[in-house]
Amino acid sequence: ADPGGRGLRGLLRRSVMQDRELALRIALLLSALESWAFSVQKPMPDHTLDELTEVMDDLRRIILGG
């Protein structure tokens, strides 16, 4: 038992939560950059949008834990 969350399980739980929080911050930042690019009518090149889509899918999996 690890009632205080101070052992390995607690550390892993905090680490996963921190990873998810960071992934969410990155996803929000990338989304904002994409929106800004479209708002100034300077869309990103197709290859950049393709990579952005892949990265957002990876981030979504991290955030949702799947």
Side-chain angles (χ1 to χ4, degrees):
D2 186 12
R6 290 182 291 269
L8 182 58
R9 282 183 147 173
L11 178 64
L12 289 174
R13 203 171 15 253
R14 282 191 299 275
S15 178
V16 167
M17 186 58 69
Q18 289 170 343
D19 288 348
R20 286 181 179 169
E21 289 173 7
L22 179 58
L24 179 59
R25 290 177 60 202
I26 293 169
L28 291 171
L29 178 60
L30 291 174
S31 178
L33 287 171
E34 182 182 21
S35 294
W36 171 80
F38 283 110
S39 76
V40 295
Q41 298 179 354
K42 299 288 183 187
M44 296 179 191
D46 287 342
H47 68 278
T48 303
L49 284 174
D50 292 343
E51 182 67 20
L52 180 61
T53 299
E54 288 183 30
V55 169
M56 291 297 281
D57 288 342
D58 293 340
L59 293 170
R60 188 177 298 109
R61 277 191 290 279
I62 292 168
I63 293 165
L64 297 177

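Only heavy atoms go into these numbers, but all of them, side chains included; no hydrogens, no water, no symmetry mates.
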Legend entry - Gap between atom CZ of Arg60 and atom CE of Met56 - 0.5 Å precision: 6.0 Å
Legend entry - Residue pair Met44 / Glu34: nearest heavy atoms and the distance that separates them: CE-CA, 3.6 Å
Inset, instruction - Could you go through the side-chain contact (heavy atoms from CB on, under 4.5 Å) check for Leu33 and Leu52 one step at a time? - result: CA-CA 11 Å; Leu33 287 171; Leu52 180 61; over 6 Å; no
Inset, instruction - Please check if the side chain of Thr53 supplies one atom and the backbone of Leu49 the other of a donor-acceptor pair under 3.5 Å. - result: yes
Inset, instruction - State the CG-CD1 distance between Leu24 and Ile62, to the nearest 0.5 angstrom. - result: 11.5 Å
Inset, instruction - Just do the side-chain contact (heavy atoms from CB on, under 4.5 Å) check on Met17 and Glu21 with the steps written out, would you? - result: CA-CA 6 Å; Met17 186 58 69; Glu21 289 173 7; 3.5 Å; yes
Inset, instruction - Output yes when a side-chain donor or acceptor of Ser39 lies under 3.5 Å from a complementary backbone atom of Trp36, and no otherwise. - result: yes
Legend entry - Asp46 atom CG: more than 12 heavy-atom contacts under 6.0 Å: no
Inset, instruction - Quickly, which of Leu59, Asp58, Ile63 forms a side-chain contact (heavy atoms from CB on, under 4.5 Å) with Ile26? Name it, please. - result: Leu59
Inset, instruction - First locate atom OG of Ser35, then atom CG of Leu30, and finally report the distance between them rounded to the nearest 0.5 Å. - result: 11.0 Å
